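Heads up, the thing below is written out as structure tokens.
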Amino acid sequence: MSASDPANATPPPKSNAAWGGRFDRGPAEIMETINASIGFDHRLYAEDIAGSKAHCRMLVEQGILTQADGFAIETGLDRVAVEIADGSLVFKTEREDIHMNIEARLAELIGPVAGRLHTARSRNDQVAVDFKLWLRNAIKQIDRDIQRLQAALIDQAEAHAATILPGLTHLQAAQPVTFGHHLLAYVEMLGRDRGRLADCRKRLNENPLGSAALAGTPYPIDRDLTTKLLGFDRPTANSLDAVSDRDFALEFLGAASILAMHLSRFAEEIVLWVSDRYQFIKLSDAFTTGSSIMPQKRNPDAAELMRAKSGRVIGAQMGLLIALKGLPLAYSKDMQEDKEPVFLTVDTLALCLAAATGMVQDFQVQPDAMLAAAQTGFLTATDLADHLVMDLDLPFREAHHVTGKLVRLAEERGVALSALDLASMQKIEPRLTSAVFDVLTVEGSVQRRKSYGGTAPERVREAVAASRKRFL
Ligand code: ARG
């Protein structure tokens, strides 16, 4: 007996039912493995069925399918949807992707008439439709999650409109700010994130269905009807573009990367604030973990992971950009690689936004620690310089110089500016009076910063109200 003995050979796998007409045998196992997308694109099943039902209804309306066939297909698709939802349908790798798994199951349920559904379309326009519909929903969900985080931030901002902490530049003590003002900075960032996502949603909402494989179709289809049925704004204008465009996924990943970067910056602040050095906020047991070796530990793992996970999102954007660059028109299988980065990004953002919201609702602010920190580092030095300008009419540059000398004196003596005696101050600038002490408090400093968009508690309270109107 030899391996070439026909009696010994394993029977060749059957060719693919959907496209195997000119194939004698099926693909190698590894071909099937690399080719299949069902492992992830099963997440598109509801959208695939919605797209198929709209397509089917349009084919009937246009007289391309009979009413009876259309009815059989639509009811069959509904049954497939139920089987997928309840987990009874087992997907098969040899059926490659969600589109062919659904179509094959439809054929098992309703017979050969299932084969009429694919009239006047291709998987190329089909997958573009599915993916857009899926992403549209995902964007809606992410928008809600961002809004929830904004609401939590605004509530804390309101509670801490007058809570003072050191404002930093270069991570160095700069000027006193209010914690509410600091939190509202993130509300603004998140507002822009929502704007970018809404913009992406608006631009993606064109219907590729009817572009078929790449060139359009000879059947008398009605693209406006499927557009209406699927809630798109208009049909795509160019079939080649429609089946090979993944700008919407890239735009989403771009907006998502910026959002993830914001969440990462916020996470870093939380890590700093809960650290032993700062102790500006406390996280409860619900949002901290212990150490298996150091019993005193309370670690902000959720914040650290939120900081780190931005890397995945940014990586997803890079990965897809690189996969798409250099692709000629129209569809290439490379495009199948579009889904995983988007799914991963949507999942990561949902997780991080929920964790961020949980932490903001959970954290207890420690106003005393914040205030104590604001009292060191000469944070009111700018106020002193402003006083020299506004009340003693010095040019700002000179005022800056004088203040520098006063700070140096305080530093040498190891005291705060407000602890310097007037006589010593007057040696540096004779025009100073005891009024100087009024400008040296951190409370006065924040209260004076009343310019629109400034940190004064009264401005923060207005900004809280305005933010509720704009965002919630
Ligand atoms: N699974 C494929 C994808 O996600 C569907 C489109 C396949 N088209 C094709 N011409 N092979 O891109």
Side-chain angles (χ1 to χ4, degrees), residues 15-23 26-28 30-52 54-55 77 80 84 89 91-106 114-115 117-138 204 207-217 226 230 236 238-250 252-253 316 319-346:
S15 67
N16 185 295
W19 42 255
R22 67 184 285 249
F23 288 66
I30 192 64
M31 175 64 210
E32 198 167 278
T33 306
I34 194 173
N35 204 33
S37 54
I38 186 63
F40 47 89
D41 69 12
H42 61 85
R43 291 179 68 166
L44 301 176
Y45 88 86
E47 290 75 16
D48 192 71
I49 287 173
S52 287
H55 181 66
L77 284 169
V80 178
I84 297 175
L89 182 63
F91 295 122
K92 294 185 176 146
T93 310
E94 65 265 28
R95 289 177 177 171
E96 209 176 305
D97 56 24
I98 187 61
H99 324 294
M100 297 208 286
N101 267 273
I102 288 174
E103 197 185 311
R105 180 60 188 150
L106 183 67
L117 171 61
H118 214 52
T119 312
R121 78 169 181 189
S122 151
R123 271 186 299 155
N124 295 351
D125 55 346
Q126 191 179 355
V127 72
V129 169
D130 294 4
F131 200 24
K132 282 184 164 185
L133 291 176
W134 190 90
L135 191 53
R136 216 168 67 177
N137 268 334
L204 78 65
N207 179 19
L209 196 58
S211 302
L214 74 164
T217 174
T226 54
L230 294 170
T236 51
N238 181 297
S239 62
L240 289 168
D241 176 49
V243 293
S244 61
D245 164 42
R246 295 295 182 270
D247 291 2
F248 59 95
L250 288 173
F252 167 71
L253 292 174
L320 185 57
L321 260 177
I322 294 166
L324 293 174
K325 80 165 203 34
L327 291 186
L329 295 183
Y331 177 88
S332 296
K333 197 62 174 252
D334 309 53
M335 285 173 183
Q336 182 166 284
E337 291 285 305
D338 58 0
K339 289 165 211 64
E340 284 165 296
V342 170
F343 292 158
L344 174 112
T345 295
V346 169

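Position 1 is the first residue of the sequence; numbering continues from there. Note that the structure is predicted; figures quoted are calculated from it, not measured. Ligands are counted one by one from 1 in listed order, and the atoms in each one are counted from 1 as well.
When only non-hydrogen protein atoms are considered, atom 5 (C) of ligand 1 lies nearest to Asp97 OD2, 3.5 Å. At the top of the distance list for atom 6 (C) of ligand 1, counting protein heavy atoms only, stands Tyr331 OH, 3.4 Å. Nearest to atom 9 (C) of ligand 1 among the protein's heavy atoms is Asn124 OD1, 3.4 Å.
Counted within 6.0 Å of CD on Glu337, heavy atoms from surrounding residues, nucleotides or ligands total 12 or fewer; the atom is thus considered open. Annotation: Lys325, atom NZ; neighbour count of heavy atoms from other residues, nucleotides and ligands within 6.0 Å does not exceed 12.
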Practice problem: Begin with the C-alpha distance, continue with both residues' side-chain angles, and end with the deciding distance and a verdict on salt bridge (Lys or Arg N to Asp or Glu O under 4.0 Å) for Lys92 and Glu32. | Solution: CA-CA 11 Å; Lys92 294 185 176 146; Glu32 198 167 278; over 6 Å; no
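Comparing heavy-atom distances from atom 1 (N) of ligand 1 across Gln336, Arg123, Glu96 singles out Gln336 as nearest.
Interface of Ser37 with ligand 1, defined as ligand atoms under 4.0 Å from a residue heavy atom, comprises 1 (N).
Comment: Glu47 does not engage Lys339 in a salt bridge, judged by the lack of any side-chain N to carboxylate O separation of less than 4.0 angstrom.
Side-chain N/O atoms of Asn16 and Glu94 include no donor and acceptor closer than 3.5 Å. Side-chain atoms of Thr226 and Asn207 include a donor-acceptor pair closer than 3.5 Å.
The shortest separation from a heavy atom of Lys339 to ligand 1 is under 4.0 Å, placing the residue in contact.
Between His99 and ligand 1, not a single N/O pair is under 3.5 Å apart.
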